[in-house]
Peer 1: 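Quick one: this structure, given as structure tokens, is what I'll be asking you about.
In what follows, every chain begins at residue 1, and chains take the letters A, B, ... in the order their sequences are listed. The analysis underlying the following values was restricted to heavy atoms, covering all of them including side chains, and did not include hydrogens, waters or symmetry mates.
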Number of protein chains: 2
Amino acid sequence: MTERSQPGEDGLSAPTLAEATHARLRSDILTGALRPGERLKLEALRDRYDVSVNTLRETLSRLVSEGLVANQGQRGFMVVAASLADLRDITEMRKLLECRAVRLSVEHADLEWESRVVAAYHKLSRIEEVVEQDPGHWGTQLELYNRQFHNALISACGSRWLMTFHGVMYDQSLRYRMLAFRVRDFPREQSRAEHRALLDAALARDAERLAAIVAAHITKGAELYQEENLSPRPARRGPKPKK
Amino acid sequence: MTERSQPGEDGLSAPTLAEATHARLRSDILTGALRPGERLKLEALRDRYDVSVNTLRETLSRLVSEGLVANQGQRGFMVVAASLADLRDITEMRKLLECRAVRLSVEHADLEWESRVVAAYHKLSRIEEVVEQDPGHWGTQLELYNRQFHNALISACGSRWLMTFHGVMYDQSLRYRMLAFRVRDFPREQSRAEHRALLDAALARDAERLAAIVAAHITKGAELYQEENLSPRPARRGPKPKK
DNA sequence: TAATAGGTTATTTGTGAAAATATCCTATTA
DNA sequence: TAATAGGATATTTTCACAAATAACCTATTA
């Protein structure tokens, strides 16, 4: 067996192997290392992640509930397919949730919230500068700070469920963003300007303006991805699609 | 080993034991047979459901993602606690989602949708009559038809994710309803009147009115449950709460 | 040549038991 | 008496292997 992780390095690391595997698989799906529609054979995954089949099964079951893996009956697991219709659905849903959340956040705003927003913006802004000059290499770090900024904006909404559902939608949209990453370059300048506008609106505690910018930001973000590298069939080799 | 289920009785029954167990556990949590905060020891569950520990683990992991079970670290699983704050959160969330969904449904309305709504209302209405005279015995059937009616109302919204999230919130609110079932009698007449109003508004395709009634319906439903039989601690017997 | 039946392989599903970890009880000491 | 250390028990976590099922290939027939 592989050695267990350090007993509590940062106090928050997941001590169980199953949780660690869950995070790894999830990450591999979100980054596109595991492509949409790809079949997830247990033995192959066992080799790749070096854990037992049962642990994988537990992990995959959780990912099914999170909408990242599909399970159809007795024919195993696969990465959920990607489609333009799905992307549209996710985009609309994320707009609904995030707009509502920022409105609530402004309602309940306090100094703590403001500070979190400012701090998150600072990190994001800095990494954006770095990426500007060395694109490609710091992509994942930028994505992390991007998420943390959006999370900070809604962090005072006071609804655990709203945060949860928003997180799911953010993950889903992130996957589509990652799938398109290699094809088109992201319009960084425009994105930076919008983040700045979000910060300003938040500090001004202008809920309407904030929600409007959020909606526009999300819409624009989603418009970039066309169906170019979404679908790829998992390469069914059997000539028997069964009717 | 226990025998497997019939190979496809109604064409929709889950063929795998894990899925069946998932449904059973989920049902037991929603009906309150497993109380909030109750510790879910694997061996005890193994006896109760007659499946192996691994299958249970898979099942429980899925329920964690669905927000019905909590998992804290290496200390096993438990039914998620219930609280008034959580109920309020769920109620607001369900209002947001269901109102949006009925509005979209009216937008995309067609004859198929209308028929589904009418059919679901008919079933619900009939079982309501039955329950009126023999309360208590047909409770679960009423809950089933209630859910199907609400599902029919939003079934034309065109958003898979909206349906999914609404389903989660409906489950959660159902759990609270079931927890309060033994204490207070449900105001059946008022509920019936509201269902009738929902049907009328749907057939009139009046989105605004429909959304307004939905919001009121959900709010009233949630106001009934006070914190009487929510919390019950799982009876920690160890005197060492560790700081 | 197309289609089907049979057997073979690949994959999933489920079980029991071992290792790791937490919890609990008891006795010893200050 | 209170508190701590040590060992015993209970529980979770993980694995390796067996049964059940689906996928695949080949040969035989119409």
Peer 1: Looking only at side-chain atoms of A:Arg75, point me to the closest of C:dT21, D:dC15, D:dA23.
Peer 2: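 Nearest to the side-chain atoms of A:Arg75, counting from C-beta on, is D:dA23.
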Peer 1: Just how far, in rounded Å, is C1' of C:dG16 from CD of B:Glu43?
Peer 2: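 Roughly 12 Å, once rounded to whole Å.
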Peer 1: Of all the choices, C:dT12, C:dG14, D:dT12, which nucleotide is nearest to the side chain of B:Lys41 once you look at every atom?
Peer 2: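 Side chain of B:Lys41 sits closest to D:dT12.
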Peer 1: How many whole angstroms separate atom CG of B:Leu45 from atom P of D:dT12?
Peer 2: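 Nearest whole value for this atom pair: 9 Å.
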Peer 1: Is A:Arg88 close enough and on-axis enough to A:Tyr176, meaning under 6.0 Å and within 45°, for cation-pi?
Peer 2: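 That pair does not qualify as a cation-pi contact.
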Peer 1: Considering only heavy atoms and no angle criterion, is a donor-acceptor pair shorter than 3.5 Å present between the side chain of A:Asn54 and the base of D:dT14?
Peer 2: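 Under the 3.5 Å cut-off, the side chain and the base do not form any donor-acceptor pair.
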Peer 1: Rounded to the nearest angstrom, tell me the gap between atom CD in B:Gln72 and atom C1' in C:dA22.
Peer 2: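 Checked: the CD to C1' distance equals 12 Å.
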Peer 1: What is the distance from CZ of A:Phe77 to P of D:dA22, rounded to the nearest Å?
Peer 2: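 Rounded to the whole Å, the gap is 15 Å.
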Peer 1: What is the base-pairing partner of C:dA30, counting Watson-Crick and G-U wobble geometry with both distances under 3.5 Å?
Peer 2: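 When the pairing criteria are applied, D:dT1 turns out to be the nucleotide that pairs with C:dA30.
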Peer 1: When you measure from the side chain of B:Gln74, which nucleotide among C:dG14, C:dT12, C:dT21 comes out closest?
Peer 2: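 For B:Gln74, the side-chain atoms sit closest to C:dT21.
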Peer 1: Looking at A:Arg35, A:Arg175, A:Arg48, which one forms a salt bridge (Lys or Arg N to Asp or Glu O under 4.0 Å) with A:Asp28?
Peer 2: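 Of all the options given, the one that passes is A:Arg48.
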Peer 1: Nearest whole Å is fine: how far is D:dC17 C1' from A:Arg46 CZ?
Peer 2: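 It is 12 Å, rounded to the nearest whole Å.
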Peer 1: More than 12 foreign heavy atoms under 6.0 Å from CD of A:Gln141: is that the case here?
Peer 2: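 Yes, CD of A:Gln141 has more than 12 neighbouring heavy atoms, counting only those of other groups under 6.0 Å.
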Peer 1: Please give, in whole Å, the distance from C:dT15 P to B:Glu58 CD?
Peer 2: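 Distance, rounded to whole Å: 11 Å.
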Peer 1: Of all the nucleotides listed (C:dT15, D:dT14, C:dT11), which has the minimum atom distance to the side chain of B:Val51?
Peer 2: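 My answer, after comparing the listed nucleotides, is C:dT15.
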Peer 1: Answer yes or no for A:Arg26 and A:Tyr49: cation-pi contact, defined as NZ/CZ to six-membered ring centre under 6.0 Å and angle to ring axis within 45°.
Peer 2: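 The answer is no, since A:Arg26 fails at least one limit relative to A:Tyr49.
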Peer 1: CE of B:Met78 versus P of D:dT11: gap in Å, rounded?
Peer 2: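 Those two atoms, CE and P, are 14 Å apart.
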Peer 1: Within this structure, what is the CG-to-P distance between A:Leu60 and C:dT11, rounded to whole angstrom?
Peer 2: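 Rounded to the whole Å, the gap is 15 Å.
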Peer 1: Quick check: do B:Arg147 and B:Tyr170 have side-chain heavy atoms less than 4.5 Å from each other?
Peer 2: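 Side chain of B:Arg147 against side chain of B:Tyr170, heavy atoms only: contact under 4.5 Å found.
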Peer 1: Does A:Thr55 have a side-chain nitrogen or oxygen under 4.0 Å from the phosphate oxygens OP1 or OP2 of D:dC15?
Peer 2: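 For D:dC15, OP1/OP2 do have a side-chain N/O of A:Thr55 under 4.0 Å.
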Peer 1: Scan A:Leu40 against the nucleic acid and name what it touches under 4.0 Å (heavy atoms): base, sugar-phosphate only, or nothing.
Peer 2: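 Sugar-phosphate, no base atom in range.
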